[in-house]
Amino acid sequence: MKNINVMAPINSLGYGVASKNIVKGLSEKANLSLFPIGGPQIETEAEKVFVEECMANSRMFDVDAPCIKIWHEFDLGTRIGRGEMIAFPFFELNKFNDLKIHHLSSCDKIYTPSNWSKEVIQNDIPNANVKVIPLGVDTSIFFPTLASDKRNSQDVDNKKFVIFNCGKWEIRKGHDVLLDIFREAFPEETDVELWMMCSNPVANDEVNKQWSSFYKQDQRVRLLDRVQTQQELANVINNIDCGLFPSRAEGWNFELLELMACGKKVVATHYSAHTQYCTDKNSLTVKPKSMEKAFDGVYFREDEVGHWASLDNIKSSLAKSLRSVYEDWKSGKSIDNPEGVRTAYEFSWENTRERILEDLNG
């Protein structure tokens with residue numbers, strides 16, 4: 001059985017969700033020693049079992065085993081043992097500053113989730129050894145429910161068309177323009193709602209309050225609290241009709257793929273990691289017409305040299321796509337997304353595991 005050392009966060013944020021699923025999958029077919037980055041946050045008893053077992057293995061880890069570090073591209077200077085060092089970052093911009101190039105260049109190999117991100121790495125670090133390892137979705141949690149389940153839910157108004165966005169408050173995710181897109185698509189309609197599950201756990205209360213106040217100006221918006229488990233998130237998704245993701249850039253976007261897995265229509269930008277799994281059959285995407293310097297003064301500051309998609313010229317196109325799903329719903333047509341469900345099975349966490357093991361085993 002292959003020995004593997006993994007450094008990764010275990011929590012409910014993006015890196016943490018990916019790490020949980022990768023660690024769980026690899027631990028089923030390899031002898032995995034886990035070195036958590038930060039304190040582990042456990043959701044279920046099953047998670048507790050495999051996390052504690054993998055952490056126990058770390059006491060007598062194999063010093064010559066490969067080390068996979070699932071972490072940011074600007075913090076890859078530490079590793080476990082003396083085996084092959086493999087970085088697995090999820091980044092959003094199309095170019096790296098000197099700090100990121102320095103840290104990525106220190107690794108023996110880089111795993112990256114999309115062909116788009118592989119090209120970004122190779123443009124700035126031509127000699128890098130890069131392997132595309134797509135991330136995934138847990139289809140045992142995220143799957144379509146029967147229409148009758150939604151009709152019986154007490155959490156949804158069956159006479160309203162519900163649009164959903166999930167992801168921490170951030171300009172990168174287009175939260176500064178998403179409300180404009182919603183209002184352009186539905187200037188006066190009262191049979192629509194916009195559900196936002198976007199509370200930012202790493203931001204202070206004032207930042208969250210500012211975003212919430214901005215969205216509260218439209219009475220058709222519902223601000224949802226973050227849920228504690230993936231199962232709870234799946235329950236929310238199965239009570240909505242369509243997802244809206246006007247992101248300027250994404251390292252992956254778990255929520256978009258999770259909506260697809262639940263058979264929901266999605267409207268999104270066709271750029272960055274979205275291009276790995278969004279097609280004209282499983283989503284309504286709009287390709288950005290131009291790029292702009294990435295800056296928000298919070299996560300992306302003046303030292304960034306990368307760019308992300310400009311949304312200025314495509315907001316109306318995104319609104320039209322959203323409106324088209326609504327019109328189908330209004331006329332009684334099916335708005336199910338069977339192609340999205342098929343895509344989710346293709347991008348499973350089992351696939352992620354097998355691609356990693358295939359590479360490690362040569």
Side-chain angles (χ1 to χ4, degrees), residues 142-153 155-167 173-198 215 217-224 236-247 253 255-271 274-275 277-289 309 311-344:
F142 297 96
F143 57 87
T145 60
L146 297 175
S148 59
D149 293 340
K150 177 176 177 178
R151 298 307 174 204
N152 292 332
S153 172
D155 297 326
V156 65
D157 185 337
N158 297 324
K159 297 179 181 179
K160 291 188 176 180
F161 179 76
V162 180
I163 301 103
F164 181 61
N165 179 272
C166 184
K173 289 184 172 291
H175 290 144
D176 57 323
V177 300
L178 191 149
L179 184 58
D180 294 336
I181 294 169
F182 171 76
R183 286 175 152 180
E184 182 173 343
F186 312 108
E188 298 179 352
E189 283 75 7
T190 58
D191 59 347
V192 296
E193 282 190 350
L194 173 61
W195 292 7
M196 301 292 292
M197 186 182 288
C198 302
Y215 273 84
Q217 63 184 291
D218 194 312
Q219 295 182 347
R220 298 172 296 176
V221 176
R222 285 182 59 181
L223 299 175
L224 307 184
V236 174
I237 292 173
N238 276 304
N239 278 318
I240 63 96
D241 296 296
C242 182
L244 176 59
F245 297 93
S247 298
N253 198 341
E255 293 84 4
L256 177 52
L257 191 57
E258 287 161 359
L259 262 71
M260 286 188 186
C262 292
K264 302 300 178 180
K265 292 277 191 178
V266 290
V267 176
T269 45
H270 192 72
Y271 177 66
H274 287 179
T275 59
Y277 54 87
C278 287
T279 70
D280 57 1
K281 293 182 178 179
N282 64 23
S283 54
L284 288 79
T285 59
V286 179
K287 187 175 182 179
K289 298 179 180 179
L311 303 179
D312 292 341
N313 297 321
I314 63 171
K315 290 190 292 184
S316 292
S317 296
L318 289 165
K320 289 177 181 177
S321 295
L322 186 62
R323 179 80 189 194
S324 70
V325 183
Y326 166 79
E327 295 290 355
D328 286 344
W329 171 84
K330 191 79 170 174
S331 65
K333 294 181 181 178
S334 171
I335 56 170
D336 293 339
N337 187 3
E339 285 295 334
V341 177
R342 280 189 278 271
T343 298

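Residues that satisfy the ring pair (Phe, Tyr, Trp, His ring centres under 6.0 Å) test with His175, not counting sequence neighbours, are Trp169. Applying the side-chain contact (heavy atoms from CB on, under 4.5 Å) criterion to Gln217, with sequence neighbours excluded, gives Leu179, Arg183, Phe214. Lys320 pairs by the side-chain contact (heavy atoms from CB on, under 4.5 Å) definition with nothing, not counting sequence neighbours. For Phe245, the ring pair (Phe, Tyr, Trp, His ring centres under 6.0 Å) test picks out no residue, with sequence neighbours left out. Scanning for salt bridge (Lys or Arg N to Asp or Glu O under 4.0 Å) contacts around Glu189 gives Arg323, with sequence neighbours left out. Partners of Ser247 according to the side-chain hydrogen bond (donor to acceptor under 3.5 Å, both in side chains) rule, which considers only residues two or more places apart in sequence or in another chain, are Glu250. Every residue meeting the side-chain contact (heavy atoms from CB on, under 4.5 Å) condition with Ser324, not counting sequence neighbours, appears here in chain and number order: Leu284. Under the salt bridge (Lys or Arg N to Asp or Glu O under 4.0 Å) criterion, Lys315 pairs with no residue at all, not counting sequence neighbours. Applying the ring pair (Phe, Tyr, Trp, His ring centres under 6.0 Å) test to Phe186 and every residue at least two apart in sequence or in another chain returns Phe182, Tyr326. Residues that satisfy the side-chain contact (heavy atoms from CB on, under 4.5 Å) test with Val341, not counting sequence neighbours, are Pro144, Tyr345.
A pairwise comparison of heavy atoms in Thr190 and Lys160 identifies O-CE, 3.5 Å as the closest pair. The heavy-atom pair separating Leu259 from Gly243 by the smallest distance is CD2-CA, 3.3 Å. In terms of heavy atoms, Leu318 sits closest to Ala268 at CD2-O, 3.8 Å. Nearest heavy-atom pair, Glu184 versus Ser316, reported as atom, atom and distance to 0.1 Å: OE2-OG, 2.7 Å. For the pair Ser283 and Met260, the tightest heavy-atom approach, listed with the atom from each and the gap, is CB-CE, 4.1 Å.
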task = Let me see the working for Leu178 and Met196 under side-chain contact (heavy atoms from CB on, under 4.5 Å), right down to the final yes or no.
result = CA-CA 10 Å; Leu178 191 149; Met196 301 292 292; 3.9 Å; yes
request  = Carefully, step by step, assess Leu257 and Phe142 under the rule side-chain contact (heavy atoms from CB on, under 4.5 Å).
outcome  = CA-CA 9 Å; Leu257 191 57; Phe142 297 96; over 6 Å; no
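The closest side-chain heavy-atom distance from Leu194 to Val192 is not below 4.5 Å. Within the 4.5 Å cutoff, side-chain heavy atoms of His270 are placed close to those of Thr275.
Once rounded to the nearest 0.5 Å, the distance linking CH2 of Trp195 with CD1 of Ile237 reads 11.5 Å. The CG atom of Asn238 sits 7.5 Å away from atom CZ of Phe143, with the distance rounded to the nearest 0.5 Å. Taking NE2 from His274 and CG from Asn253, the interatomic distance works out to 4.0 Å, rounded to the nearest 0.5 Å. For the atom pair Glu193 CD and Lys159 NZ, the distance stands at 13.5 Å (nearest 0.5 Å). Rounded to the nearest 0.5 angstrom, Leu311 CG and Asp180 CG are separated by 10.5 Å. Distance check: Leu322 CG to Leu244 CG gives 5.5 Å after rounding to the nearest 0.5 Å.
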Side-chain donor-acceptor distances from residues 330-337 under 3.5 Å, at least two apart:
unit_1, atom_1, unit_2, atom_2, d
Lys330, NZ, Asp191, OD2, 2.6
Ser331, OG, Glu327, O, 3.2
Ser331, OG, Asp328, O, 3.0
Ser334, OG, Asp336, N, 3.2
Asn337, OD1, Gly340, N, 2.9
Asn337, ND2, Lys264, O, 3.0
Asn337, ND2, Asn282, O, 2.9

